[in-house]
Visitor: 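One structure, as structure tokens, below. Some questions next.
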Amino acid sequence: MPPYLSFFRSAALALIAGTVGFAAPSSKVMLLTGQSSKYHDWTKSAPLVKTYLEQTGLFTVDVVTTPAQGQDMSGFTPKFSGYAAVVMVYEGAEWPAATKAAFVDYMKNGGGLVSVHDTDNAFPFWKEWNEMIGVGGWGFKPDGNIGARNESWGPKIRWRDGKMVLDAETPGNATHPARHDFPVVTRTPDHPIMKGLPATWLHASDEIYSQLRGPAKNVTVLATALPDKAKFPTATGENEPMLMAISYGKGRVFHTTLGHVNSKETPPYPSLACAGFIVTLQRGTEWAATGKVTQRVPADFPTAEKTSIRQR
Ligand SMILES: [Zn+2]
């Protein structure tokens with residue numbers, strides 16, 4: 001429709017929404033998905049992410065699905081400009097060089113990116129991507145074996161003695177203990193994404209991504225979790241970053257390592273149904289899109305003692 005009609009439509013929608021007490025959707029968000037490794041299943045996670053974003057009333061969500069694994073990617077050229085944020089549930093094949101360049105340009109000029117769980121496994125050899133996500137894990141080598149990201153990718157991020165520390169010394173690459181409920185600890189309570197959230201909350205049945213590596217530049221650690229050596233002998237025993245905010249050029253990145261689901265799982269997918277996952281995703285996306293967070297913390301947010309699984 002012509003721009004002036006679009007304006008009147010938006011204004012009319014805002015008026016209607018105003019009468020029932022909700023803000024009209026203001027931010028256009030792209031949900032980019034379509035491939036996972038054998039360890040994950042985007043067909044389960046991406047529809048939930050779309051629902052969660054729409055539930056805020058703040059976003060209109062366009063789903064952009066890549067060609068399937070193994071298919072020709074050369075025609076994959078989504079238009080990033082015009083979107084307040086690109087939310088990615090994507091652990092898949094490399095994009096064409098022109099698409100990568102367009103995404104870098106979009107981000108450097110003030111775009112927003114949200115990286116969900118295994119999305120930080122993607123693109124191990126894309127330098128700018130590694131800068132955007134701060135740190136990442138695993139990733140496939142050219143020979144098809146997993147474990148591309150190693151010590152030459154950069155340091156690990158740790159939280160020691162009340163502050164973020166970059167550890168380039170100790171060996172070890174990406175790993176995680178078996179899924180379990182674990183406490184997530186807020187480390188930057190004044191950040192817009194974290195304001196009003198509990199100091200500690202119990203997240204349901206997820207993987208504590210550990211020993212992620214990368215350039216780790218311009219990263220704010222929002223929350224950490226501790227893989228407990230007493231329960232998991234091979235765990236790191238270090239506070240691992242779970243939620244991060246990264247600045248990239250004029251762009252903003254919200255990186256959540258939470259949200260595991262695999263192809264064998266049946267609902268309710270507790271890690272994705274956890275109100276803590278949902279709310280931090282919603283707040284993180286608003287921040288990536290606008291630099292602010294206007295959402296209230298809901299009453300069902302998990303506490304330090306109790307997980308909170310939303311039923312659908
Ligand atoms: Zn996983």
Side-chain angles (χ1 to χ4, degrees), residues 31-50 52 66 69 87-93 113-124 129-130 133-141 144-150 153 156-157 172-184 202-214 222-228 231-232 234-236 238-244 253-278 280-281 284 302 307 309:
L31 173 56
L32 195 161
T33 190
Q35 292 187 27
S36 304
S37 73
K38 62 182 177 182
Y39 305 103
H40 298 103
D41 190 348
W42 66 273
T43 67
K44 294 188 165 96
S45 47
L48 288 175
V49 166
K50 179 173 190 281
Y52 298 153
T66 63
Q69 197 91 43
V87 177
M88 284 177 54
V89 178
Y90 183 79
E91 182 194 1
L113 167 66
V114 177
S115 174
V116 180
H117 191 57
D118 55 312
T119 305
D120 68 17
N121 292 201
F123 308 123
W129 171 258
N130 288 326
I133 61 172
V135 286
W138 300 276
F140 288 92
K141 301 173 195 170
N145 290 315
I146 200 164
R149 283 185 175 89
N150 61 30
W153 262 245
K156 313 176 226 183
I157 295 175
N173 300 315
T175 181
H176 63 76
R179 294 177 71 172
H180 62 293
D181 298 350
F182 57 83
V184 174
L202 202 54
H203 179 49
S205 186
D206 211 336
E207 300 169 331
I208 302 182
Y209 268 15
S210 304
Q211 307 199 115
L212 304 184
R213 288 181 177 275
L222 303 176
T224 61
L226 183 69
D228 188 347
K231 284 188 209 152
F232 303 96
T234 60
T236 62
E238 292 268 3
N239 295 300
E240 301 283 354
M242 295 290 101
L243 307 176
M244 291 165 264
V253 182
F254 174 61
H255 180 167
T256 175
T257 63
L258 308 177
H260 175 87
V261 68
N262 64 42
S263 58
K264 296 189 196 79
E265 238 174 290
T266 52
Y269 316 138
S271 59
L272 291 162
C274 166
F277 170 79
I278 296 169
T280 52
L281 174 79
T307 59
I309 304 294

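Just so you know, ligand 1 is whichever comes first in the structure, and atom 1 is the first atom listed for that ligand. What you see below is based on every heavy atom in this structure, not just the backbone, and it leaves out hydrogens, waters and symmetry mates.
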Visitor: Do the ring planes of His260 and His40 sit parallel (below 30°), tilted (30 to 60°) or perpendicular (above 60°)?
Guide: perpendicular
Visitor: I'd like to verify the contacts: list protein N, O or S atoms under a distance of 2.8 Å from the Zn ion (ligand 1).
Guide: His40 NE2, His117 NE2, Glu207 OE1, His260 ND1
Visitor: Is there a donor-acceptor pair closer than 3.5 Å between any side-chain N or O of Thr119 and the backbone N or O of Tyr90?
Guide: yes
Visitor: Would a distance-only check, ignoring hydrogens and angles, find a side-chain to backbone donor-acceptor pair under 3.5 Å from Ser205 to Arg179?
Guide: no
Visitor: Please determine, by modelled atom types, if Arg213 and Asn173 share a side-chain donor-acceptor pair under 3.5 angstrom.
Guide: yes
Visitor: Quick one: does Pro227's side chain get under 4.5 Å of His180's, heavy atoms only?
Guide: no
Visitor: Quick check on ring pair (Phe, Tyr, Trp, His ring centres under 6.0 Å): which of Tyr39, Tyr209, Trp153 does Trp138 satisfy it with?
Guide: Tyr209
